[in-house]
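Positions are given from 1 along the sequence.
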Amino acid sequence: SYYVHNYTDKGYSYSSSLSNSRAMVKVYTGNQIIAKYSVPTGKIGTLWHVFDYDPATDALTPVNAMSYSN
């Protein structure tokens, strides 16, 4: 699983800073981008669950969910 955590606002469960950041995660194989994920907008939370990876099948599964974690 791949997550992005907004540690700056870890004490604020109502924070929307991460969601408003326009953050993007790019996944590469060598020099080639194989996936792009943009943070969900208009959401509350400090933890963005971007995707899950299965090494057995080499598959990325998008999750793109926000939650709170201190």
Side-chain angles (χ1 to χ4, degrees):
S1 296
Y2 187 86
Y3 291 85
V4 175
H5 188 196
N6 175 4
Y7 287 98
T8 302
D9 289 344
K10 65 183 177 185
Y12 303 101
S13 60
Y14 55 86
S15 175
S16 60
S17 295
L18 179 56
S19 181
N20 294 329
S21 72
R22 300 187 322 192
M24 178 179 283
V25 170
K26 296 177 184 179
V27 182
Y28 289 82
T29 295
N31 291 330
Q32 182 179 5
I33 296 174
I34 60 169
K36 288 185 197 177
Y37 303 96
S38 296
V39 68
T41 57
K43 303 290 183 184
I44 294 173
T46 58
L47 189 66
W48 172 25
H49 184 173
V50 183
F51 63 85
D52 290 328
Y53 173 69
D54 183 350
T57 61
D58 201 32
L60 298 173
T61 303
V63 177
N64 213 31
M66 298 291 292
S67 61
Y68 172 72
S69 177
N70 62 1

Side-chain donor-acceptor pairs of residues 25-32 under 3.5 Å, sequence neighbours excluded:
none

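- With sequence neighbours left out, the side-chain hydrogen bond (donor to acceptor under 3.5 Å, both in side chains) criterion links Asn6 to Asp9.
- Cluster membership check: Leu47 does not share its hydrophobic cluster with Tyr14, using side-chain heavy-atom separations under 4.5 Å among Ile, Leu, Val, Met, Phe, Trp and Tyr.
- With a 4.5 Å cut-off on side-chain heavy atoms, Ser17 and Asn20 do not count as touching.
- Not counting sequence neighbours, the partners of Tyr53 by the side-chain hydrogen bond (donor to acceptor under 3.5 Å, both in side chains) test are Asp58.
- Residues Ile44 and Ser15 fail the side-chain proximity criterion, which asks for heavy atoms closer than 4.5 Å.
- Residue pairs meeting the side chain to side chain donor-acceptor pair (under 3.5 Å) criterion with at least one member in residues 35-47: none, sequence neighbours excluded.
- Under the side-chain hydrogen bond (donor to acceptor under 3.5 Å, both in side chains) criterion, Tyr3 pairs with His49, not counting sequence neighbours.
- Every residue was checked against the side-chain hydrogen bond (donor to acceptor under 3.5 Å, both in side chains) condition with Ser19, not counting sequence neighbours, and none meets it.
- Other residues sharing a hydrophobic cluster with Met24 under the 4.5 Å side-chain heavy-atom criterion for ILVMFWY residues do not exist; the residue is a singleton.
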Counting only pairs under 3.5 Å, give me each side-chain donor-acceptor contact of residues 59-70, with atom names and distances, residues two or more places apart or in other chains.
{"unit_1": "Asn64", "atom_1": "OD1", "unit_2": "Trp48", "atom_2": "NE1", "d": "2.9"}
{"unit_1": "Tyr68", "atom_1": "OH", "unit_2": "Lys10", "atom_2": "O", "d": "2.5"}

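- Under the 4.5 Å side-chain heavy-atom criterion for Ile, Leu, Val, Met, Phe, Trp and Tyr, Val39 and Val4 are members of the same hydrophobic cluster.
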